[in-house]
Protein chains: 2
Amino acid sequence: MTGRLLLDEFLPYRLVRASELVSRRFAARYRAAYGISRPEWRTFAILGQLGNTTATEIGRRSTMHKTKVSRAVAALEKRGWLSRATDVADRRAEQLELTEEGAKVYGELVALARSFQAELLRDLGFEAADRLDAGLAAVEKHFLREE
Amino acid sequence: MTGRLLLDEFLPYRLVRASELVSRRFAARYRAAYGISRPEWRTFAILGQLGNTTATEIGRRSTMHKTKVSRAVAALEKRGWLSRATDVADRRAEQLELTEEGAKVYGELVALARSFQAELLRDLGFEAADRLDAGLAAVEKHFLREE
DNA sequence: ACAAAACAGTTACACACGCAACTATCAACT
DNA sequence: AGTTGATAGTTGCGTGTGTAACTGTTTTGT
């Protein structure tokens, strides 16, 4: 029961490594195509999906720190891809949405993501991808409940 | 086929988020107990498992950048947990190993890791953990082959 | 045998990051 | 109504990180 730990049997280690391998490869593509960083892509993706949301909600869904979100939002705004408007019901919050130009870029990023996912499913094989899906769902179910 | 991307169906996103949720929680424990950073823990874990290795090998196995490894090794050495010796066969390389004190700390970290893993398996359920295992194995098989 | 390329590891620099502290607003409670 | 505590978001500051450039060593190719 003592002795060394075999990392290939340690789930957190394998999860982190797999995540880095996959996300680094995907990041290389959108960085090459549009020069956006990881926090920017994540912000883009959530905002694009929801259509209209706040920085706090982006942080909650992405597990990004609020300062990271704040800076990503500022960067996207600066590039003219995102606009802010103070929420009338709660003037602390800002409703964010993509500009017309931003929506166009978002559409292209979605296409990039879809082709990456298709490629990934092909590489992993259907059955393995399905198992990964189920395993991740269990992690999400347990860990996302607690905040 | 166009339109928005549902992130909950996008595997890279889910993989990253799950990885962050799990590894952040584990990192909080060893940070609280020993004040070590993530790169330091990873270095510790690989060195402890292999017994004797080089910085390059640590980088390869952990997917950490070589400068990250270099700094983690320096930090562990500074705390007296690791010692270096120039490789006699290849004098560019340094053979690393844990000191007696380092091995003691490593043993305690292993215990921490084991209890975290047990807890995780319990939380996820055996079947889900098994599927996660299989899914990650497929990712590793595909992505680790290519370097 | 020698020049050129490859590789192990470190460091300077610029940039990204998280923490803590801050402003502004809203909610709760007396 | 007014005080207290919570929340949305930003920013200063110290620290972490990757890129590129560097030293020293080994390998490759001629």
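Within every chain, numbering begins at 1; the chains are lettered A, B, ... in the order of the sequence lines, protein sequences first and strands thereafter. If you're wondering where the values come from, they're calculated on a predicted model, not measured in any experiment. Side chains are part of it too, since the values below use all heavy atoms of this structure and drop only hydrogens, waters and symmetry mates.
Between the CZ atom of A/R60 and the P atom of D/dT7 there is a distance of 14 Å, given to the nearest Å. In this structure, B/R31 atom CZ and D/dT15 atom P are separated by 15 Å, rounded to whole Å. The CD atom of B/E57 sits 10 Å away from the P atom of C/dG9 (whole-angstrom rounding). Residue A/D87 contributes atom CG, which lies 15 Å from atom C1' of C/dA27 at whole-angstrom precision. At whole-Å resolution of the value, CD in B/E40 and P in D/dT15 are 14 Å apart. Per the geometry, CG belonging to B/L76 stands 15 Å off P belonging to C/dG9, to the nearest Å. We find that CG of A/L82 is positioned 12 Å from P of D/dG9, with the value rounded to whole Å. Residue B/E77 contributes atom CD, which lies 9 Å from atom P of C/dT10 at whole-angstrom precision.
You'll find the ring centres of B/F26 and B/W41 inside the 6.0 Å limit. Separation of the B/F44 and B/W81 ring centroids falls under the 6.0 Å cut-off.
Contact annotation: A/H65 side-chain N/O to C/dC17 OP1/OP2 distance is not under 4.0 Å. Residue A/S37 has no polar side-chain atom (N or O) positioned under 4.0 Å from OP1 or OP2 of C/dA16.
Picking from C/dG9, C/dT25, C/dA8 the nucleotide with the shortest atom distance to the side chain of B/R92 gives C/dA8. Listed nucleotides: C/dG18, D/dG9, D/dT10. Nearest to the side chain of A/K68: C/dG18. When the nucleotides D/dA20, D/dC13, C/dC13 are ranked by their closest atom to the side chain of B/T67, D/dA20 comes out on top. Relative to the side chain of A/R71, the nucleotides D/dA8, C/dG9, D/dC13 differ in distance, and D/dC13 lies closest. When distances are taken from the side chain of A/S70 to each of D/dT26, C/dG9, D/dT10, the shortest belongs to D/dT10.
Mapping A/K66 and B/V73 onto DNA chain C by nearest heavy atom places B/V73 closer to the 5' end of the strand. Sequence order on DNA chain D of the closest nucleotides to B/D90 and A/A93 puts A/A93 first from the 5' end.
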> Given A/T63 and B/R24, is the side chain to side chain donor-acceptor pair (under 3.5 Å) satisfied, shown in steps?
Replying inline: CA-CA 10 Å; A/T63 79; B/R24 268 212 280 266; 3.2 Å; yes

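Shown here is A/E127, whose CD atom has no more than 12 heavy atoms of other residues, nucleotides or ligands within 6.0 Å.
Using modelled atom types, no side-chain atom of B/R131 and backbone atom of A/R131 make a donor-acceptor pair closer than 3.5 Å.
The base of D/dT25 does not come close enough to the side chain of B/R91 for any donor and acceptor atom to sit less than 3.5 Å apart.
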